[in-house]
Amino acid sequence: MAEQGVRVRFAPSPTGALHIGGARTAYFNWLFARKNGGTFVLRIDDTDTSRSTEASYRQIIDSFRWLGITWDEGPEIGGDYGPYRQSKRLSLYREELHRLLEEDRVYPCFCTQEQLAADREQAQKEGRTPRYSGRCRHLTRAQQEHEMAVGKTPVYRLRAPSSGVTIVKDWIRGDVAFDNEEIDDFVVWKAEGMPTYHFASCVDDYKMGITHIIRADEHLSNTPRHIAMFQALGASIPYFIHIPMILAPDRSKLSKRHGATSVDEYRTAGILPEALINYLLLLGFSPGEEREVVSVEQAIELFDLRRVTKHAAVYDVKKLEWLNSHYMHAANPDRLLELVWDSWLERQWITADISREQLAWLRRLVAVIQERSHNLLDLQDDVGYYFVAPEHYDVKGVRKHFTSPDTAERLRTVANILQDVAPFTALAIERAIRRFIAQQEIKGGELIHPTRLSLSGLTVGPGLFDMMALLGRSECQRRLLAAADWMGQRGELQI
RNA sequence: GGCCCCAUGGUCAAGUGGUUAAGACACCGCCCUUUCACGGCGGUAACGGGGGUUCGAGUCCCCCUGGGGUCACCA
């Protein structure tokens, strides 16, 4: 299904963070472009001056970079069809407006907001669809000039077709027919002197030579409007591909009350970009071949609009988390170390001027920990005991593993035994400790659990012998003796 | 409410007239095991309802129901 000269776009408005729904739409556009050797355009839709912010713009750009979705044309990098921020394209829109005005495809409307609201209310009461009444549709030139003269600022409306049907040829939905009576003369130019979304978007798609519009389902009902707009502009009609929406678990539109909804929030929550983008691919698309884990490279290979589902998908964080743990296990330790580096610095677990040996040790540490991490935060937060001796012991663990009267003495013996373990590797340590366990005629756990608690203060963690090898001989000995002392003091206090 | 879209387990989904209706996540067992994870094995669980068409419908048609979207000087 190779398409010639494919140009697609994603046009977020910087009124908030990049939403995962938007990210998925962008990803599908991007995949389609990559698959077909086309061009992916990023355009910033900031015509809503009151809600657009520079901070949101930055955040969106950052989110895309983090996800690895790059654009061939757009802000920061430019392109032949720029500028790529609508707020910088105002003269273009004004030009098109004047052209349409001359061609009488657009007309000024002087109705007040109050009038329109009253019309709407009236229609609602009578059970009719609220549509623009057409009050200003047939004003004479003289009437228009009079309104202007008395200081009224008009909005401009498109003369939309009022009879017949508009067929939207959608690649996923098939042919969808809309009665033109349903479309009214919608506003293309606001009184504040800014284009509306419908107008700016169509002008841009036209001027930027967009061939395929891949967007969320919610725009399907807007499409006849856009077709009317394209026709008025004298533009060719692009292909439409409306992809299903992403819903919250209660099947309502995904919103803040459902938890994290932005790419940025997942980033801070310790989700890896490859996990998020993999998960996004699986919403509304099936790669086939029973595949779930799909890299970006494979996704480009496998992507096919014909395999996009028609129905909305409910967002399931559990599956995202599963993918994330998969990628945590698979990740290169060096990269993970880099990702947690700043956080570890901040906690003073490490210092910036680190030796070669220390760096190698950190890599080993990450490699051991990442196996059981589901999340970057697990790796980031739960490893303090490798850097600092435990200040207290898990309460439940103490109750369970520090109660036997022989334990303190055994821990001291272990500390002693470690003295002769060489090399100080997990294998050698295990051999020595197993021997001691056998001599004592106790079960492995009776020694292993208290040892773990002594060394980490916790009852959970990596294999004990790996942990010990990582901590090193003297640190293990120090902590074992400290634990034994702590038990002794505690015992005395209780007497 | 008008218009439009959609409908396979709890969730993501395969399926394009004939299948024991895949697979994944989640859940539940069992195994592995020094803990927590990982991993391995197994299990529970679905074609929303009703009419047609057909020798035969998850697959085609109609109705109903349910869910979603949209009807702004927001995008």
Side-chain angles (χ1 to χ4, degrees), chain A residues 11-13 15 45-48 50-52 86 109 111 113 116-117 120 123-124 126-132 153-157 168 170 172-174 176-179 181-184 186-192 194-198 200-201 216-225 242 244-245 247 249 251-253 279 282-293 307 309-323 325-326 329 371-374 378 397 400-401 430 433 437 443-453 456 458-465:
Chain A
S13 49
T15 54
D45 204 336
D46 55 355
T47 51
D48 186 346
S50 60
R51 293 196 304 148
S52 298
Q86 294 189 322
C109 169
C111 296
Q113 304 260 27
L116 295 173
R120 248 195 310 273
Q124 219 117 48
E126 293 171 18
R128 288 181 294 113
T129 307
R131 304 176 66 245
Y132 176 58
T153 310
V155 299
Y156 290 89
R157 290 179 184 274
V168 177
D170 188 276
I172 291 172
R173 314 280 142 192
V176 185
F178 292 87
D179 233 314
E181 287 176 34
E182 296 295 325
I183 316 166
D184 62 358
F186 58 94
V187 174
V188 299
W189 199 267
K190 308 182 230 178
E192 59 162 332
M194 293 288 279
T196 61
Y197 157 73
H198 298 300
S201 172
D217 231 1
E218 56 190 324
H219 288 289
L220 183 57
S221 337
N222 282 153
T223 308
R225 246 179 279 275
H242 286 95
M245 312 223 347
L247 266 29
R251 309 212 113 259
S252 68
K253 210 165 171 173
Y279 181 63
L282 264 24
L283 287 176
F285 176 77
S286 166
E289 301 169 32
E290 300 186 2
R291 289 165 137 293
E292 305 286 335
V293 177
R307 291 192 74 84
T309 52
K310 294 181 157 184
H311 57 274
V314 170
Y315 191 78
D316 178 23
V317 194
K318 281 274 179 23
K319 192 153 184 173
L320 204 211
E321 286 167 352
W322 169 75
L323 276 167
S325 61
H326 169 86
H329 302 156
E371 280 181 56
R372 59 223 321 114
S373 301
H374 295 189
D378 295 339
K400 217 165 162 189
H401 307 302
E430 173 158 18
I433 288 188
I437 287 168
K443 289 203 285 187
E446 283 183 69
L447 182 65
I448 286 170
H449 292 309
T451 305
R452 169 189 302 286
L453 192 58
S456 70
L458 303 172
T459 57
V460 299
L464 177 67
F465 308 112

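Predicted model, so just to flag it, every value in this text is computed and none were measured. Just so we're on the same page: letters track the sequence lines, and every chain starts at 1. Just so it is clear, the values below take in all heavy atoms, side chains as well, and ignore hydrogens, waters and symmetry mates.
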S.K.: Looking only at atom C1', what distance separates B:C71 and B:C60, rounded to whole Å?
M.R.: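 Rounded to whole Å, the distance is 33 Å.
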S.K.: Which base sits across from B:U59 as a Watson-Crick or G-U pair, both distances under 3.5 Å?
M.R.: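 Pair assignment: B:U59 / none.
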S.K.: Determine the interatomic distance between P on B:G66 and the same-named atom on B:G39; round to the nearest Å.
M.R.: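 Those two atoms are separated by 42 Å.
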S.K.: Given B:U34, B:C25, B:C4, which nucleotide is nearest the side-chain atoms of A:Ile448?
M.R.: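 In terms of side-chain proximity for A:Ile448, the closest of B:U34, B:C25, B:C4 is B:U34.
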S.K.: Taking only Lys NZ, Arg NE, NH1 and NH2, and the carboxylate oxygens of Asp or Glu, determine whether A:Lys319 and A:Asp316 approach each other closer than 4.0 Å.
M.R.: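 Judged by the 4.0 Å cut-off on N to carboxylate O distance, A:Lys319 and A:Asp316 do not form a salt bridge.
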S.K.: So what does A:Ser201 hit on the nucleic acid, given a heavy-atom distance under 4.0 Å: a base, only sugar-phosphate, or nothing?
M.R.: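 The answer is nothing, as A:Ser201 stays clear of every strand by at least 4.0 Å.
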S.K.: Can you tell whether the side chains of A:Arg131 and A:Glu182 come within less than 4.0 Å, N to carboxylate O?
M.R.: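 A salt bridge is absent here (no side-chain N lies under 4.0 Å from a carboxylate O).
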S.K.: Scan every strand shown for a Watson-Crick or G-U wobble partner of B:C71, both distances under 3.5 Å, and answer none if you come up empty.
M.R.: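 When the pairing criteria are applied, B:G1 turns out to be the nucleotide that pairs with B:C71.
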S.K.: Given the structure, check if the side chain of A:Arg372 and the base of B:C36 hold any donor-acceptor pair shorter than 3.5 Å.
M.R.: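 Counting by modelled atom types and ignoring angles, a donor-acceptor contact under 3.5 Å is found here.
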S.K.: If you look at every strand shown and take non-hydrogen atoms under 4.0 Å, does A:Tyr279 touch a base, only sugar-phosphate, or nothing?
M.R.: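 No contact.
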S.K.: So for A:Glu218 and B:G68, does any side-chain atom that can act as donor or acceptor lie under 3.5 Å from a complementary atom in the base?
M.R.: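 Result: no qualifying N/O pair found.
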S.K.: Would you classify A:Pro462 as touching base, sugar-phosphate or nothing, given that sugar-phosphate means primed atoms plus P, OP1 and OP2, and contacts are heavy atoms under 4.0 Å?
M.R.: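 Touches a base.
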S.K.: Scan A:Lys253 against the nucleic acid and name what it touches under 4.0 Å (heavy atoms): base, sugar-phosphate only, or nothing.
M.R.: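 Sugar-phosphate: the residue A:Lys253, judged by heavy atoms under 4.0 Å, touches backbone atoms but no base.
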S.K.: Which label fits A:His449 and A:His401: parallel for a plane angle under 30°, tilted from 30 to 60°, or perpendicular past 60°?
M.R.: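 Parallel.
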S.K.: B:U19 and B:A57: how far apart are their C1' atoms, nearest whole angstrom?
M.R.: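 Straight-line distance between the two C1' atoms is 13 Å.
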S.K.: Would A:Asp217 and A:Arg173 count as a salt bridge (charged side-chain N to carboxylate O under 4.0 Å, His left out) if you check the C-alpha gap in whole Å, the side-chain angles of each, and the deciding distance to 0.1 Å?
M.R.: CA-CA 10 Å; A:Asp217 231 1; A:Arg173 314 280 142 192; 3.5 Å; yes
S.K.: Give one of base, sugar-phosphate or nothing for A:Leu283, where a contact means two heavy atoms less than 4.0 Å apart.
M.R.: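 The residue A:Leu283 makes sugar-phosphate contact but no base contact.
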S.K.: Nearest to the A:Arg120 side chain among B:C73, B:C36, B:U34, which nucleotide is it?
M.R.: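 Looking only at side-chain atoms, A:Arg120 lies closest to B:C73.
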S.K.: NA contact type, A:Arg452, heavy-atom cut-off 4.0 Å: base, sugar-phosphate, or nothing?
M.R.: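 The residue A:Arg452 makes base contact.
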S.K.: Nearest to the side chain of A:Glu290, which nucleotide is it out of B:C12, B:C36, B:G23?
M.R.: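 The closest nucleotide is B:G23.
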S.K.: Hunt down the Watson-Crick or G-U wobble partner of B:A7, both distances under 3.5 Å, from any strand shown, or write none.
M.R.: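 In the structure as shown, B:A7 has B:U65 as its Watson-Crick or wobble partner.
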S.K.: For the side chain of A:Val176, starting at C-beta, report the closest nucleotide among B:C5, B:A13, B:C36.
M.R.: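 Of all the options, the side chain of A:Val176 is nearest to B:C5.
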S.K.: Let me know the distance between CZ of A:Arg225 and P of B:C4, rounded to the nearest Å.
M.R.: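 The distance from CZ of A:Arg225 to P of B:C4 comes to 14 Å, rounded to the nearest Å.
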S.K.: Go ahead and name the base partner of B:G23; Watson-Crick or wobble counts if both distances stay under 3.5 Å, otherwise write none.
M.R.: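 B:C12 - that is the nucleotide pairing with B:G23, both distances being under 3.5 Å.
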S.K.: If you check every side-chain atom of A:Thr196, which of B:C38, B:C73, B:A14 has the closest atom?
M.R.: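 Of the options given, the side chain of A:Thr196 lies nearest B:C73.
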S.K.: Sticking with atom P, work out how far B:C64 lies from B:G15, rounded to a whole angstrom.
M.R.: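 Taking atom P in both B:C64 and B:G15, they lie 30 Å apart.
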S.K.: Looking at the side chain of A:Leu282, which of B:C25, B:C71, B:C12 is the nearest nucleotide?
M.R.: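 So the side chain of A:Leu282 is nearest to B:C12.
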S.K.: In whole angstrom, give me the gap between the C1' atoms of B:G23 and B:G18.
M.R.: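 Rounded to whole Å, the distance is 22 Å.
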S.K.: Taking only the side-chain nitrogens and oxygens of A:Arg307, find out if one of them lies under 4.0 Å from OP1 or OP2 of B:G15.
M.R.: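 Looking at the OP1 and OP2 atoms of B:G15, one of them is under 4.0 Å from a side-chain N or O of A:Arg307.
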S.K.: Specify the residue among A:Arg157 and A:Arg291 whose closest nucleotide of RNA chain B lies further upstream toward the 5′ end.
M.R.: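 In this pair, the answer is A:Arg291.
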S.K.: Scan A:Asp179 against the nucleic acid and name what it touches under 4.0 Å (heavy atoms): base, sugar-phosphate only, or nothing.
M.R.: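 No contact.
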S.K.: Given that A:Ser13 and A:Trp322 both sit by RNA chain B, which one's nearest nucleotide is further toward the 5' end?
M.R.: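 Nearer the 5' end of the strand: A:Trp322.
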S.K.: Of the nucleotides B:G2, B:U35, B:C73, which has the atom closest to the A:Glu182 side chain?
M.R.: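 Minimum distance to the A:Glu182 side chain belongs to B:G2.
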S.K.: Would you mind pulling out the nucleotide paired to B:C30, Watson-Crick or G-U wobble, both distances under 3.5 Å?
M.R.: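 B:G40 - that is the nucleotide pairing with B:C30, both distances being under 3.5 Å.
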S.K.: For a quick check of understanding: with a heavy-atom distance under 4.0 Å over all strands, which category does A:Val155 fall into, base, sugar-phosphate or nothing?
M.R.: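 Result for A:Val155 = base.
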S.K.: For A:His242 and A:Thr223, which I'm curious about, is there any donor-acceptor pair between the side chains at under 3.5 Å?
M.R.: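 A:Thr223 and A:His242 do have a side-chain donor-acceptor pair below 3.5 Å.
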S.K.: Any side-chain N or O of A:Lys318 below 4.0 angstrom from OP1/OP2 of B:C25?
M.R.: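 No, no such contact exists.
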S.K.: Heavy atoms from C-beta onward define the side chain here; which of B:A75, B:A72, B:G69 lies closest to that of A:Met245?
M.R.: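 Selected nucleotide (nearest to the side chain): B:G69.
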S.K.: Just compare B:C38, B:A14, B:C6 and give me whichever is closest to any side-chain atom of A:His374.
M.R.: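 Shortest atom-to-atom distance from the side chain points to B:C38.
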S.K.: A:Lys310 side chain N/O closer than 4.0 Å to the phosphate oxygens (OP1, OP2) of B:U8?
M.R.: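 Indeed not, no polar side-chain atom of A:Lys310 lies that close.
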S.K.: Heavy atoms only, 4.0 Å cut-off, all strands: where does A:Thr47 land among base, sugar-phosphate and nothing?
M.R.: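 Counting heavy atoms under 4.0 Å across all strands, the contact made by A:Thr47 is with sugar-phosphate only.
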S.K.: What's the closest nucleotide to the A:Leu464 side chain, out of B:U35, B:C5, B:U34?
M.R.: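 My answer, after comparing the listed nucleotides, is B:U34.
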S.K.: Between B:C61 and B:C25, how far is it from one C1' atom to the other, in whole Å?
M.R.: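 Going atom to atom, C1' in each nucleotide, I get 36 Å.
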S.K.: Tell me, please, whether A:Phe186 has A:Arg157 positioned over its six-membered ring: NZ or CZ under 6.0 Å from the ring centre and within 45 degrees of its axis?
M.R.: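 Geometry flag: not set, cation outside 6.0 Å or 45°.
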S.K.: Identify whether any heavy atom of A:His219 sits under 4.0 Å from a base atom; if not, whether one sits that close to sugar-phosphate; answer base, sugar-phosphate or nothing.
M.R.: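 Result for A:His219 = base.
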S.K.: What pair of heavy atoms forms the shortest contact from A:Pro154 to A:Tyr156, and how long is it?
M.R.: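 Here A:Pro154 and A:Tyr156 meet closest at CG-OH, 3.7 Å.
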S.K.: Nearest whole angstrom, please: distance from the C1' of B:C73 to the CG of A:Asp184.
M.R.: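 For the pair A:Asp184 CG and B:C73 C1', the rounded distance is 13 Å.
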S.K.: Can you check the distance between B:C6 and B:A13, where both ends of the measurement are the C1' atom (answer in whole Å)?
M.R.: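 It works out to 15 Å between them.
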S.K.: Base, sugar-phosphate or nothing for A:Ala216? Non-hydrogen atoms, less than 4.0 Å.
M.R.: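 No contact at all - A:Ala216 keeps every heavy atom at 4.0 Å or more from the nucleic acid.
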S.K.: For nucleotides B:G43 and B:G48, find the distance between their C1' atoms and express it as a whole number of Å.
M.R.: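 One C1' to the other, the span is 26 Å.
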S.K.: Could you tell me whether A:Gly444 contacts a base, only the sugar-phosphate backbone, or nothing, with contacts defined as non-hydrogen atoms closer than 4.0 Å?
M.R.: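 Answer is nothing: A:Gly444 stays at 4.0 Å or more from every strand.
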